[in-house]
Student: 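After the structure tokens below, expect a handful of questions from me.
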There are 2 protein chains.
Amino acid sequence: MTTSKPSTRDRILVAATDLFGLRGVDAVSLDQIAAEVGVAKQTLLYWFPSKDELLQGVLAQAAADLVLVVEAAVRSATDDPLDRIDAVVRAVFRPAVRRPALLGLIREVSRLPGPVAASLTDQLRPLADRAHAYLRAEMDAGRLRRADPGLVAALSYATVTGIATEPEALRVNGWEPTAAGLRRLRDELLAFLRAALAP
Amino acid sequence: MTTSKPSTRDRILVAATDLFGLRGVDAVSLDQIAAEVGVAKQTLLYWFPSKDELLQGVLAQAAADLVLVVEAAVRSATDDPLDRIDAVVRAVFRPAVRRPALLGLIREVSRLPGPVAASLTDQLRPLADRAHAYLRAEMDAGRLRRADPGLVAALSYATVTGIATEPEALRVNGWEPTAAGLRRLRDELLAFLRAALAP
DNA sequence: ATCGCTCTCTACCATATGGTAGACAAGATG
DNA sequence: CATCTTGTCTACCATATGGTAGAGAGCGAT
């Protein structure tokens, strides 16, 4: 549902996503976002009645983007379950590399309980449910090693977001959060998944 | 370096750890922490000259605890590398289940760049370096499947913290963040690690 | 007793922030 | 022209927060 030319509302959404993701929601003031967009704070509050609703708007957009990316990856993959998993993981990593703020923001919000986090969870649930059902079906068909599909999905989700959203934290492991480093980590994760899920 | 009876300083540290971890650093005011401890805000500022230094104190304690737990686990394990990895993962999960705030806080701080995060990274680096060296040695000895030890360490760290610190986020995968659920997830992770690292 | 040290307290302040009130300009519509 | 809607702005406010200044209580040492 993106309009063709960037409206004020869209520009606010983009700037807020980046700033929230980069510095953390609480650390970013409406004034800073407004300055980044080049409008007055009141214009923000015109489009989004409160900071909370702005955050919700940002998250709705981010979740929608994530859903689109994953669905495109699924459609473009072959029938082989390991290939599909591969494609989805790569798809999730791609925007995370290009725009680390997005997944980082999702993760920050999910960390604390509350209505905003609950709403986000609701938006991502269909995606998770489909992955869940898919894994179960493939395991039943003997094309993946049997395991609890919910646990596998949760595990993969935790790992992917853990890597993609907090590359700075991984420095403690002597690893550098460059784009090349992220790709190597992604490939290692894929190797892990193959080793653990191959029938 | 813990004293035998809980001093005011220690009580402040405990309360701050829990509150920071539970609600996020920015969302917790010094007044709230003081109220929790049962002292005046000034007493906090007497022991820790600023909120930033309080945060650093909390992190130093948390990092030290983590180091102790992991080292104890390593000492108590057998020589088999998979058993050792198993023991370490279980050790990291244990405090995370009992006191989710701790690892969550570490992760939150690591998320944003800055001097506080850098200092924390420095405190955890020895641990990471030892894990790194250990994995490399075992791989060289043929007792683990060959892989980039830095990547394996980073991957495991990301997964463990991803699971342990953000159980709420994993609800999207139809999983419940109970203690039993955490244990099942931990066991699944261990199975993954065995499958991927067995020689 | 009194000095000095440690620890805790009661005010108080400067600042930043989210949010409100309302004016002003530009079209669209009658 | 008059009016209504949309979008942006300037000015202002109430509040919360991190931090400062300084006083006083308890207590061991001289």
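The sequence lines fix the lettering, A, B, ..., with proteins before strands; numbering per chain opens at 1.
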Student: In whole angstroms, how far is the P atom of D:dC9 from the CG atom of A:D31?
Tutor: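 One finds 12 Å between P of D:dC9 and CG of A:D31, rounded.
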Student: For B:R145, which residues count as a salt bridge (Lys or Arg N to Asp or Glu O under 4.0 Å) partner, sequence neighbours excluded?
Tutor: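 Here no residue qualifies.
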Student: Using a heavy-atom distance cut-off of less than 4.0 Å, which residues of residues 13-28 of chain B contact DNA chain D?
Tutor: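 The stretch gives B:V28 as the residues lying under 4.0 Å from the strand, ordered by number.
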Student: If the threshold is 4.0 Å, N to carboxylate O, is there a salt bridge linking A:D187 and A:R184?
Tutor: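 No, no charged N to carboxylate O under 4.0 Å.
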Student: For B:I12 and B:I33, work out which heavy atoms get closest and say how close.
Tutor: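 Minimum heavy-atom separation between B:I12 and B:I33: O-CG2, 4.5 Å.
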Student: Looking at every heavy atom in both B:L30 and B:L44, which two are closest together, and how far apart are they?
Tutor: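 Smallest interatomic distance, heavy atoms only, reads O-CD2, 3.6 Å.
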Student: Which of residues 36-46 of chain A have a heavy atom under 4.0 Å from DNA chain D?
Tutor: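 Within residues 36-46 of chain A, the residues near DNA chain D are A:V39, A:A40, A:Q42, A:T43, A:Y46.
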Student: Would you check, one step at a time, whether the test side chain to side chain contact (heavy atoms under 4.5 Å, CB included) holds for A:L144 with A:I85?
Tutor: CA-CA 11 Å; A:L144 287 180; A:I85 292 171; 4.2 Å; yes
Student: How would you list all residue pairs meeting salt bridge (charged side-chain N to carboxylate O under 4.0 Å, His left out) that involve residues 188-199 of chain A, not counting sequence neighbours?
Tutor: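 Matches after skipping sequence neighbours: A:D83-A:R194, A:D86-A:R194.
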Student: Which residues satisfy the side chain to side chain contact (heavy atoms under 4.5 Å, CB included) test with A:V67, sequence neighbours excluded?
Tutor: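 So A:V67 forms a side chain to side chain contact (heavy atoms under 4.5 Å, CB included) with A:E71, A:L127.
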Student: Is there a path of hydrophobic side-chain contacts, each under 4.5 Å between heavy atoms of I, L, V, M, F, W or Y residues, that connects B:V14 with B:V58?
Tutor: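 No; tracing contacts between hydrophobic side chains, which count when under 4.5 Å, never links both residues.
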Student: Tell me whether the OP1 or OP2 atom of D:dT8 has a side-chain N or O from A:W47 closer than 4.0 Å.
Tutor: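 It does, given that an N or O in the side chain of A:W47 lies less than 4.0 Å from OP1 or OP2 of D:dT8.
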Student: In residues 50-59 of chain A, what residues come within less than 4.0 Å of DNA chain D, judged by heavy atoms?
Tutor: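 None - not one residue of the stretch has a heavy atom sitting under 4.0 Å from the strand.
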Student: Holding to side chain to side chain contact (heavy atoms under 4.5 Å, CB included), I want the full list of residues that pass it with B:L66, two or more places apart in sequence or in another chain.
Tutor: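 Once residues adjacent in sequence are excluded, the partners of B:L66 under the side chain to side chain contact (heavy atoms under 4.5 Å, CB included) criterion are B:L103, B:I106, B:L124.
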Student: Show every salt bridge (charged side-chain N to carboxylate O under 4.0 Å, His left out) that has at least one partner inside residues 47-63 of chain A, sequence neighbours left out.
Tutor: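 Counting only pairs at least two positions apart or across chains, no salt bridge (charged side-chain N to carboxylate O under 4.0 Å, His left out) contact touches residues 47-63 of chain A.
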Student: Restricting to nitrogen or oxygen on both sides, can you table the protein-nucleotides 25-28 of chain D pairs closer than 3.5 Å?
Tutor:
none

Student: Are A:L45 and A:L54 connected, step by step, through hydrophobic side chains (Ile, Leu, Val, Met, Phe, Trp, Tyr) whose heavy atoms are closer than 4.5 Å?
Tutor: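 Per the 4.5 Å side-chain linkage, A:L45 and A:L54 are co-clustered.
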Student: What heavy-atom pair brings A:A73 and A:A91 nearest, and what distance separates the two atoms?
Tutor: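 Shortest heavy-atom contact: CB-CB, 3.4 Å.
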Student: For residues 133-142 of chain B, run the donor-acceptor check on the side chains, cut-off 3.5 Å, and write out each pair with its distance to 0.1 Å, sequence neighbours left out.
Tutor:
from, atom 1, to, atom 2, distance (Å)
B:E138, OE1, B:R143, NE, 2.7
B:E138, OE1, B:R143, NH2, 3.3
B:E138, OE2, B:R143, NH2, 3.2
B:D140, OD1, B:R146, NH1, 3.4
B:D140, OD1, B:R146, NH2, 2.8

Student: Where does the chain A footprint on DNA chain C start and end, counting 5' to 3' with a 4.0 Å heavy-atom cut-off?
Tutor: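 For DNA chain C, the relevant span reads C:dT17 to C:dA21.
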Student: If you compare all heavy atoms of B:R11 against all heavy atoms of B:V37, which two are closest, and at what distance to 0.1 Å?
Tutor: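 So the two residues come closest at NH1-O, 3.3 Å.
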Student: What side chain to side chain donor-acceptor pair (under 3.5 Å) pairs are there with at least one residue in residues 27-50 of chain B, not counting sequence neighbours?
Tutor: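 Matches after skipping sequence neighbours: B:R23-B:Q32.
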